Amino acid sequence: MSSMFRSLSEPNYRRWFSGALVSNTGTWMQRTAQDWIVLTQLTDNDATALGICMALQLGPQLIMFPVAGAIADRFPKRKLLILTQALLGACGLLLFALAITHLLVLWHVYVLAFALGMVATIDNPARQAFVSELVGEKLLPNAVSLNSASFNGARMFGPAIAGGLTALIGAEPVFLISGLGFAATIGVLLTLDRTRLHSTSTRKMGKRGVLGGFTYIRTRPDIIVVLTILGIVSTFGFNFSVYTATMAKIEFHQDAGGFGLLSSVMAIGSVAGALTAARREKPRLRMVFGAAGGFGLACLLAAMAPSYWAFAVVLTGVGFSAITMMTSANAYVQTTTPAGYRGRVMAIYAAVVMGGTPIGAPVAGIIADLLGPRASLVVGGLSGVIGLSVGLGWMIFAKHLRVHRPRRRRRLIHLSYDGKP
């Protein structure tokens with residue numbers, strides 16, 4: 001099997017991969033329909049309301065993540081995931097019931113977004129840590145990259161399907177499909193070959209229980225730098241729903257289909273970035289830093305796009321650089337963290353990546369309302385530039401980055417530093 005797909009040689013992971021693809025597609029369909037219905041039906045193009053909805057969905061990451069990580073390290077992950085996936089599906093089905101009966105109002109969406117966020121806060125670290133039980137430590141970097149490809153492959157098809165269905169027959173069927181999609185993952189979890197799982201003892205939690213993740217991270221300045229960069233970029237840069245919805249509706253006067261297409265186009269770049277990362281045997285810090293800078297440049301170019309199709313083309317670069325940064329950072333943190341701490345560390349990781357949205361999404365929405373969608377994209381671009389600067393600063397001052405000029409070929413310049421390449 002190709003080195004890019006080597007994790008699929010593990011039967012349990014093959015089944016998990018396919019089930020996750022189905023449920024992730026349903027999730028992206030729900031997000032697209034939810035964002036569109038908030039922007040166009042429950043409000044009058046109110047980008048701030050859209051930002052608030054995103055903030056409520058992701059806000060629990062900031063409150064619950066220490067407990068969520070401890071739960072992921074303490075309890076059997078397979079059983080925990082069966083419960084969380086069932087609850088996530090129930091949120092989608094309740095949204096469908098309210099929409100089909102024409103009872104849905106904005107505060108309903110807010111409450112369900114918050115409930116979804118509460119459950120996802122527990123689901124996320126458990127799901128990420130469970131991957132190592134499916135494939136073992138050796139295949140973990142590749143499996144993390146393929147997970148990103150699955151997630152973004154779903155983002156490629158989900159919004160396009162949701163946009164088309166919403167334009168033709170409304171958002172209600174989208175919510176139904178999303179709710180039922182979680183059954184695919186539950187079915188996989190129930191039928192896994194448990195004799196092939198690389199299980200770790202739930203008693204080996206390391207030190208200090210709930211707060212053990214913080215204790216461990218304090219000994220890892222490299223992880224602290226990665227989380228700092230992710231915190232900056234995810235808070236002020238990863239507000240894609242605000243960018244694509246407002247640019248599609250306000251700047252380019254598109255309908256729901258045009259909005260969904262933008263998310264799908266960006267996902268093309270994301271899938272390419274994830275598959276590129278899957279080829280690498282070992283995650284590298286320099287990929288995290290470089291991709292942050294690439295993301296900033298791509299966002300700035302998107303802000304200057306003169307037409308809908310030019311904007312769509314540039315979004316592939318936004319998706320490629322964003323997922324390259326995220327996949328490299330995720331794989332680096334997971335593979336360099338001991339199994340006994342992994343759930344708690346990944347909960348902190350998820351809090352940093354997604355927990356900044358309660359601040360960033362409303363800010364992006366307010367900027368889009370006051371100054372226009374392009375200004376919001378400029379802020380996102382600057383976050384990537386700052387992220388690159390943080391990485392380079394750490395390499396220079398902590399890892400002694402130097403510029404080498406060979407004597408015989410003075411035009412050749414390359415960088416190196418006294419740390420991991």
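When a residue number appears, it is its place in the shown sequence, counting from 1. This is a predicted model, so every value here is computed, not measured.
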> Would a 4.5 Å heavy-atom cut-off, applied to side chains only, mark T121 and M118 as touching?
Replying inline: no
>> If you compare all heavy atoms of A331 against all heavy atoms of T335, which two are closest, and at what distance to 0.1 Å?
In response: O-OG1, 2.6 Å
>> Please check this pair: side chain of N239 against backbone of V242, looking for a donor-acceptor N/O pair closer than 3.5 Å.
In response: no
> Out of I229, L227, D222, which residue meets the side chain to side chain contact (heavy atoms under 4.5 Å, CB included) rule with V225?
Replying inline: I229
> Only one of F238, F320, F289, F236 forms a ring-ring contact (aromatic ring centres under 6.0 Å, His included) with F295, so which one is it?
Replying inline: F238
> Are side-chain heavy atoms of V22 and F182 found at a separation under 4.5 Å?
Replying inline: no
>> I need the minimum non-hydrogen distance between L230 and A329, along with the two atoms involved.
In response: CD1-CB, 3.8 Å
> Hey, what do you get for OG (S132) to NZ (K77), rounding to the nearest 0.5 Å?
Replying inline: 6.5 Å
> Can you list the steps and then say if V288 with Y332 is a side-chain contact (heavy atoms from CB on, under 4.5 Å)?
Replying inline: CA-CA 9 Å; V288 179; Y332 182 84; 5.5 Å; no
> What closest approach, in Å, do A302 and V314 show between heavy atoms, and which atom pair accounts for it?
Replying inline: N-CG1, 3.5 Å
> Between CG of L106 and SG of C53, what distance do you get to the nearest 0.5 Å?
Replying inline: 7.5 Å
> Which heavy atom in T43 sits nearest to a heavy atom in A49, and how many Å separate them?
Replying inline: CG2-CB, 3.8 Å
> Which pair of heavy atoms, one from A298 and one from G317, lies closest together, and at what distance?
Replying inline: CB-C, 3.8 Å
> In Å and rounded to the nearest 0.5 Å, what is the CG to CZ distance from L8 to F17?
Replying inline: 6.0 Å
>> Please report the interatomic distance CG(L87) to CG(D123), rounded to the nearest 0.5 Å.
In response: 9.5 Å
> Just wondering, do N12 and E133 contact through their side chains at under 4.5 Å, heavy atoms?
Replying inline: no
> What closest approach, in Å, do L39 and K249 show between heavy atoms, and which atom pair accounts for it?
Replying inline: CD2-CB, 4.4 Å
>> Quick one: does any side-chain atom of T25 pair with a main-chain N or O of L21 as donor and acceptor, under 3.5 Å?
In response: yes
> What distance do C299 atom SG and Y243 atom OH have between them, rounded to the nearest 0.5 Å?
Replying inline: 5.5 Å
> What distance do T246 atom OG1 and I367 atom CD1 have between them, rounded to the nearest 0.5 Å?
Replying inline: 11.0 Å
> With side chains defined as the heavy atoms from C-beta onward, is the minimum distance between M266 and T316 less than 4.5 Å?
Replying inline: no
> Would you say the side-chain atoms of Q254 pair up with the backbone N or O of F252, donor to acceptor, closer than 3.5 Å?
Replying inline: yes
> Do L81 and T185 come close enough that some side-chain heavy atom pair is under 4.5 Å?
Replying inline: no
> With no hydrogens and no angle check, is any side-chain donor or acceptor of D193 less than 3.5 Å from a backbone partner on P11?
Replying inline: no
> Would you say L112 and L116 make side-chain contact, with heavy atoms under 4.5 Å?
Replying inline: no
>> With side-chain hydrogen bond (donor to acceptor under 3.5 Å, both in side chains) as the criterion, how do R14 and S9 come out once you've worked through the C-alpha distance, each side chain's angles and the decisive distance to 0.1 Å?
In response: CA-CA 7 Å; R14 281 202 305 272; S9 61; over 6 Å; no
>> Would you say R127 and T84 are linked by a side-chain donor-acceptor pair, where the criterion is simply a distance under 3.5 Å?
In response: no
>> What verdict does the side-chain contact (heavy atoms from CB on, under 4.5 Å) test give for Y308 and L261, after you've listed the backbone C-alpha separation in whole Å, the side-chain angles of each residue and the deciding distance to 0.1 Å?
In response: CA-CA 11 Å; Y308 173 82; L261 180 61; 3.6 Å; yes
> Under 3.5 Å, side chain of S7 to main-chain N/O of A143, donor-acceptor pair present?
Replying inline: yes
>> Checking the side chain of S383 only, and the main-chain atoms of G380 only, is there a donor and an acceptor separated by less than 3.5 Å?
In response: yes
>> Test side-chain contact (heavy atoms from CB on, under 4.5 Å) on L377 and F311; report intermediate values, then the result.
In response: CA-CA 11 Å; L377 270 167; F311 181 70; 3.6 Å; yes
> Okay, side chain of R78, backbone of L189: is any donor-acceptor separation there less than 3.5 Å?
Replying inline: yes
>> Closer than 3.5 angstrom, by distance alone: can the side chain of R15 be matched with the main-chain N or O of V188 as a donor-acceptor pair?
In response: no
>> Any heavy-atom pair between the side chains of F214 and I348 that's under 4.5 Å?
In response: yes
>> Is it the case that the side chain of S376 and the backbone of A368 share a donor-acceptor pair, with hydrogens and angles ignored and the cut-off at 3.5 Å?
In response: no
> Stepwise, does the side-chain contact (heavy atoms from CB on, under 4.5 Å) test hold for W394 with L285?
Replying inline: CA-CA 11 Å; W394 179 74; L285 282 178; 3.8 Å; yes
>> Within the structure provided, determine whether L180 and F175 are in side-chain contact (heavy-atom separation under 4.5 Å).
In response: no
>> Please check: side-chain N/O of R374 versus main-chain N/O of M247, any donor-acceptor pairing under 3.5 Å?
In response: no
